[in-house]
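One structure is given below, encoded as structure tokens.
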Amino acid sequence: MAFIVAIDGPAGTGKGTITKLLAKEMGLVNIDTGATYRCVALYMLQNAIALQEKNKIIDSLANIHIDMKNEEGEQTIFLNGKNVTNEIRSKEVTKIVSQVSSIKEVRFAMVEVQRNLAKGKDVIMEGRDITTYVFPHADVKIYLDADEKERAKRRYKEMQEKGIEMSYEEVLKNIQIRDKNDKEKEIGALKIAEDATYVDTTFLTIQEVKEKVKQIIEEKRGK
Ligand code: DC
């Protein structure tokens with residue numbers, strides 16, 4: 001039986017970083033579900049499809065093929081055979097991705113992609129609706145949270161390190177908009193699953209969060 005670790009939470013809680021580190025340390029396959037929505041957003045930008053053109057977006061889903069390769073915890077994302085690992089993190093994609101992910105048909109299609117990518121593997125997956133919708137029967141469910149200003153600070157630092165030009169205020173605004181969008185989605189809204197372990201990361205370092213999450217997984221998995 002495949003073992004499933006599901007992690008949800010808002011942007012900037014360290015989900016991505018922790019999932020990557022633990023995948024490597026614990027021999028789990030890391031499936032970045034946000035990346036699937038980012039691929040749809042990138043496809044729209046590449047094909048000049050606007051957010052208002054809902055029918056075009058829905059039609060284009062049939063032309064979007066997403067694949068992920070994992071090597072020692074490092075993940076490479078392919079959109080229609082092309083490596084888009086870095087491109088999907090661009091400012092332009094980030095700006096529209098939450099709205100793209102709110103479209104019901106996009107969610108249905110991407111959840112299918114995510115479940116297929118996980119099939120038969122021991123996985124660690126992070127996102128917004130993994131514990132509640134994608135894998136409601138996951139073996140381990142964790143909800144990571146943090147104060148919004150702290151999350152904006154973390155994201156701002158990450159952007160700077162990647163050389164992406166954005167002010168702290170802009171990052172904070174982005175986070176607030178995304179939080180609102182993520183929590184108010186018709187389907188797959190971000191919420192805390194009843195049986196998830198809640199971890200507040202505001203005053204914890206990445207290392208501390210990682211150890212805490214690792215312990216929770218080990219308890220369930222048996223070392
Ligand atoms: O985690 P991320 O920033 O790469 O996610 C990109 C967007 O996709 C974000 O706005 C939330 C959305 N998302 C989602 O709706 N469901 C998921 N399982 C993962 C991400």
Side-chain angles (χ1 to χ4, degrees), residues 4-21 23 30-45 51 57 61 64 66 68 75-77 79 84-118 123-136 138 141-146 148 151-152 154-159 162 164 166 170-193 196 201 209:
I4 299 173
V5 179
I7 304 180
D8 284 325
T13 47
K15 289 184 313 264
T17 311
I18 280 145
T19 301
K20 238 193 242 167
L21 291 170
N30 167 20
I31 294 169
D32 177 354
T33 60
T36 61
Y37 296 104
R38 285 177 179 273
C39 281
V40 178
L42 178 62
Y43 184 90
M44 285 166 56
L45 294 173
L51 272 169
I57 300 173
L61 290 170
I64 294 176
I66 300 167
M68 295 186 190
Q75 201 167 36
T76 314
I77 322 284
L79 168 59
V84 293
T85 315
N86 295 327
E87 234 174 310
I88 57 167
R89 308 276 155 210
S90 74
K91 190 170 155 179
E92 292 74 20
V93 167
T94 302
K95 214 166 191 163
I96 63 165
V97 66
S98 183
Q99 276 166 284
V100 174
S101 74
S102 306
I103 302 169
K104 193 168 68 191
E105 290 81 358
V106 171
R107 292 206 79 79
F108 288 147
M110 289 308 109
V111 168
E112 245 345 271
V113 169
Q114 292 157 23
R115 287 181 181 148
N116 278 330
L117 287 167
V123 297
I124 182 162
M125 290 171 79
E126 54 106 352
R128 303 296 189 284
D129 60 346
I130 312 304
T131 59
T132 56
Y133 186 69
V134 183
F135 287 115
K141 294 187 185 185
I142 293 164
Y143 188 95
L144 292 184
D145 210 352
E148 68 172 22
R151 290 190 281 122
R154 292 175 188 170
R155 264 291 143 93
Y156 175 64
K157 198 167 158 243
E158 198 182 303
M159 296 281 205
K162 283 184 185 152
I164 302 172
M166 223 173 176
E170 220 179 326
V171 176
L172 178 62
K173 185 102 203 102
N174 234 313
I175 285 212
Q176 288 165 337
I177 295 169
R178 283 176 59 184
D179 279 0
K180 190 170 178 315
N181 264 320
D182 288 345
K183 288 178 179 164
E184 289 176 358
K185 270 187 202 111
E186 189 187 339
I187 291 181
L190 173 66
K191 53 179 181 267
I192 309 170
T201 73
V209 181

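Atoms within each ligand, like the ligands themselves, are counted from 1 in listed order. Starting from 1, each residue takes its place in the sequence as its number.
- When every heavy atom of I57 is checked against every heavy atom of L51, the shortest pair comes out as CD1-O, 3.7 Å.
- Residues R151 and D179 meet the side-chain proximity criterion, which asks for heavy atoms closer than 4.5 Å.
- In terms of protein heavy atoms, atom 12 (C) of ligand 1 is closest to S101 OG, 3.6 Å.
- Closest heavy-atom approach to atom 18 (N) of ligand 1 among the candidates T36, D129, I187, V106: D129.
- Against a heavy-atom cut-off of under 4.0 Å, G127 is close to the following atoms of ligand 1: 17 (C), 18 (N), 19 (C).
- Contacts of D182 with ligand 1, taken as heavy-atom pairs under 4.0 Å, involve the side chain alone.
- At a heavy-atom cutoff of 4.0 Å, ligand 1 is contacted by the side chain of R38 but not by its backbone.
- Atoms of ligand 1 found under 4.0 Å from any heavy atom of I130 (numbered from 1 in listed order, with element): 18 (N).
- With hydrogens and angles disregarded, no donor-acceptor distance shorter than 3.5 Å links the side chain of S90 to the backbone of N86.
- Under the 3.5 Å distance criterion, with hydrogens and angles disregarded, a donor-acceptor pair is assigned to the side chains of T94 and R38.
- Ligand 1 places these atoms under 4.0 Å from at least one heavy atom of S98: 10 (O).
- Contacts between N181 and ligand 1, counted as non-hydrogen atom pairs separated by less than 4.0 Å, are absent for every part of the residue.
- Closest protein heavy atom to atom 16 (N) of ligand 1: R107 NH2, 3.0 Å.
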Checklist entry - When you look at R154 and E158, which way does the salt bridge (charged side-chain N to carboxylate O under 4.0 Å, His left out) test go after all the steps? => result CA-CA 6 Å; R154 292 175 188 170; E158 198 182 303; over 6 Å; no
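- Put simply, the side chain of D8 never gets that close to the backbone of Y143: no donor and acceptor are under 3.5 Å apart.
- Contact annotation: R89 has at least one heavy atom less than 4.0 Å from an atom of ligand 1.
- Under a 3.5 Å cut-off, the side chain of Q75 and the backbone N or O of N30 do form a donor-acceptor pair.
- In terms of N/O distances under 3.5 Å, ligand 1 is not approached by D32.
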Next on the checklist: Show, in sequence, the C-alpha distance, side-chain angles and deciding distance for K15 and I130, and conclude whether the side chain to side chain contact (heavy atoms under 4.5 Å, CB included) test is met.
Outcome noted: CA-CA 12 Å; K15 289 184 313 264; I130 312 304; over 6 Å; no
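- Here the side chain of T85 pairs a donor or acceptor atom with the backbone of I77 at under 3.5 angstrom.
- The shortest separation from a heavy atom of Q114 to ligand 1 is not under 4.0 Å, leaving the residue out of contact.
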Checklist entry - Going through the checks in order, is the salt bridge (charged side-chain N to carboxylate O under 4.0 Å, His left out) test met by D129 and R107? => result CA-CA 10 Å; D129 60 346; R107 292 206 79 79; 2.9 Å; yes
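- Closest to atom 20 (C) of ligand 1, if we only count protein heavy atoms, is G34 CA, 3.5 Å.
- Looking from atom 17 (C) of ligand 1 to the surrounding protein, the closest heavy atom is R128 N, 3.4 Å.
- Of the protein's non-hydrogen atoms, the one nearest atom 3 (O) of ligand 1 is R178 NH2, 2.6 Å.
- When hydrogens are left out, the protein atom nearest atom 19 (C) of ligand 1 is T33 OG1, 3.4 Å; that is the closest non-hydrogen contact.
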